[in-house]
Trainee: 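To start, I am sharing the structure in question, which I have written as structure tokens.
We use all heavy atoms of the structure for the numbers below, so side chains are in, but hydrogens, waters and symmetry mates are not.
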Amino acid sequence: QVHITQAGGGLVRPWESLRLVCTASGDITSIREMGWYRQGPGQQRDMVETITGAGVPTYADSVKGRFTISGPTARNTIYLHMITLFPNDTAVYYCHADGRTWSQAEFGAWGQGTQVTVFS
């Protein structure tokens with residue numbers, strides 16, 4: 001019922017920048033929180049940055065000062081603006097959203113993931 005669409009991954013060099021975008025659509029009446037998670041090679045999936053429906057962000061220490069989350073917009077879109085990227089930022093980045101459907105049920109949904117590769 002809820003679909004998460006992601007875009008914006010790519011291949012960059014150290015010190016360069018990249019922007020990711022994610023939109024939640026479908027049977028949604030409200031968003032509690034949306035956010036970005038990443039899973040590097042041989043690692044578990046960890047929270048990067050999240051933002052509430054009211055626009056209050058939470059940041060992981062590893063990206064604070066370099067990555068900025070924005071949104072959600074009226075169309076339930078969030079962005080991740082990444083600057084000063086380094087090879088250890090290489091990972092599959094996943095978008096997540098949770099909230100309520102039109103039937104008042106709670107939902108949680110993941111996007112398909114997008115690859116960010118930083119090569120030195």
Trainee: When rounded to the nearest 0.5 angstrom, what distance separates CD1 in Ile31 from OG1 in Thr52?
Mentor: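 Output value for this atom pair is 11.0 Å.
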Trainee: Verify the cluster assignment for Trp110 and Met47: are they in a single hydrophobic cluster under the rule of side-chain heavy atoms below 4.5 Å apart?
Mentor: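 Yes.
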Trainee: What heavy-atom pair brings Pro14 and Phe86 nearest, and what distance separates the two atoms?
Mentor: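 Closest heavy-atom pair between Pro14 and Phe86: CB-CD2, 4.3 Å.
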Trainee: Which heavy atom of Met34 sits nearest to which heavy atom of Cys22, and what is that distance?
Mentor: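 For Met34 and Cys22, the tightest heavy-atom pair comes out as CE-SG, 4.1 Å.
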Trainee: Could you tell me whether the side chain of Thr84 reaches within less than 4.5 Å of the side chain of Trp15, counting heavy atoms only?
Mentor: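 Result yes, sub-4.5 Å side-chain heavy-atom pair found.
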Trainee: Mark yes or no for whether Gln6, through its side chain, and Gly113, through its backbone, hold a donor-acceptor pair below 3.5 Å.
Mentor: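 Pair found, side chain donor or acceptor close to backbone of Gly113.
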Trainee: So, for Arg66 and Asp89, which heavy atoms are closest and what is the spacing to 0.1 Å?
Mentor: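 Looking at all heavy atoms of both residues, the shortest contact is NH1-OD2, 2.8 Å.
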Trainee: Quick check for you: to the nearest 0.5 Å, what is the distance between Gln115 atom CD and Arg38 atom CZ?
Mentor: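 Rounded to the nearest 0.5 Å, the CD-CZ separation comes out at 12.0 Å.
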Trainee: Taking the side chain as every heavy atom from C-beta outward, state whether Val63 and Glu49 have any atom pair closer than 4.5 Å.
Mentor: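 The answer is yes, as the side chains (C-beta and beyond) meet within the 4.5 Å cut-off.
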Trainee: Using 0.5 Å steps for rounding, measure from the CD atom of Gln104 to the OG atom of Ser30.
Mentor: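 So the CD of Gln104 and the OG of Ser30 are separated by 7.5 Å.
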Trainee: With side chain to side chain contact (heavy atoms under 4.5 Å, CB included) as the criterion, how do Tyr37 and Thr50 come out once you've worked through the C-alpha distance, each side chain's angles and the decisive distance to 0.1 Å?
Mentor: CA-CA 8 Å; Tyr37 299 73; Thr50 62; 3.8 Å; yes
Trainee: Using a 6.0 Å cut-off, check whether atom CD of Gln43 has over 12 heavy atoms from anything other than its own residue.
Mentor: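 Check passes, neighbour count above 12.
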Trainee: Considering only heavy atoms from C-beta outward, does the side chain of Thr114 approach that of Leu20 to under 4.5 Å?
Mentor: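 Result yes, sub-4.5 Å side-chain heavy-atom pair found.
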Trainee: Search all heavy atoms of Gly10 against all heavy atoms of Leu18 and return the closest pair with its distance.
Mentor: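 Scanning both residues, the minimum pair turns out to be N-CD2, 3.8 Å.
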Trainee: Is Phe107 reachable from Trp102 through a run of hydrophobic residues whose side-chain heavy atoms are each under 4.5 Å from the next?
Mentor: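 No, separate clusters.
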Trainee: Any idea which heavy atoms bring Ser103 and Thr101 closest together, and the distance?
Mentor: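 Heavy-atom minimum between the residues: OG-OG1, 2.9 Å.
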Trainee: Check side-chain hydrogen bond (donor to acceptor under 3.5 Å, both in side chains) between Arg13 and all other residues, then give those that pass, not counting sequence neighbours.
Mentor: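 So Arg13 forms a side-chain hydrogen bond (donor to acceptor under 3.5 Å, both in side chains) with Glu16.
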Trainee: Go through it in stages, so that I can follow the logic: the residues are Cys95 and Trp36, the test is side chain to side chain contact (heavy atoms under 4.5 Å, CB included), and I'd like the CA-CA distance, side-chain angles, deciding distance and then a yes or no.
Mentor: CA-CA 5 Å; Cys95 179; Trp36 296 96; 3.9 Å; yes
Trainee: Cationic tip of Arg45 within the cone over Tyr94's six-membered ring, i.e. under 6.0 Å and within 45° of the normal?
Mentor: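 Yes, Arg45 and Tyr94 form such a contact.
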Trainee: Same cluster or not: are Val12 and Val48 linked, directly or through other Ile, Leu, Val, Met, Phe, Trp or Tyr residues, by side-chain heavy atoms under 4.5 angstrom apart?
Mentor: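 Yes, because Val12 and Val48 connect within a single hydrophobic cluster, where side-chain heavy atoms sit under 4.5 Å apart.
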Trainee: Taking all atoms of both residues into account, what is the closest heavy-atom pair of Val116 and Gly9, and its distance?
Mentor: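 Between these two residues, the closest heavy atoms are CG2-CA, 4.3 Å.
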Trainee: Mind listing the side-chain donor-acceptor pairs of residues 69-82 below 3.5 Å, one per line with the distance, residues two or more places apart or on another chain?
Mentor:
unit_1: Thr73; atom_1: OG1; unit_2: Arg75; atom_2: N; d: 3.2
unit_1: Thr73; atom_1: OG1; unit_2: Thr77; atom_2: N; d: 3.3
unit_1: Thr77; atom_1: OG1; unit_2: Thr23; atom_2: OG1; d: 2.7

Trainee: To the nearest 0.5 Å, what is the distance between OG1 on Thr5 and CD on Gln112?
Mentor: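 Thr5 atom OG1 to Gln112 atom CD measures 7.0 Å (nearest 0.5 Å).
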Trainee: Could you state the interatomic distance from CZ (Arg19) to OG (Ser17), rounded to the nearest 0.5 Å?
Mentor: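 With rounding to 0.5 Å, CZ (Arg19) is 12.0 Å from OG (Ser17).
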Trainee: What orientation do Tyr93 and Phe67 show, parallel under 30°, tilted 30 to 60°, or perpendicular over 60°?
Mentor: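 If you compare the ring of Tyr93 with that of Phe67, the planes turn out tilted.
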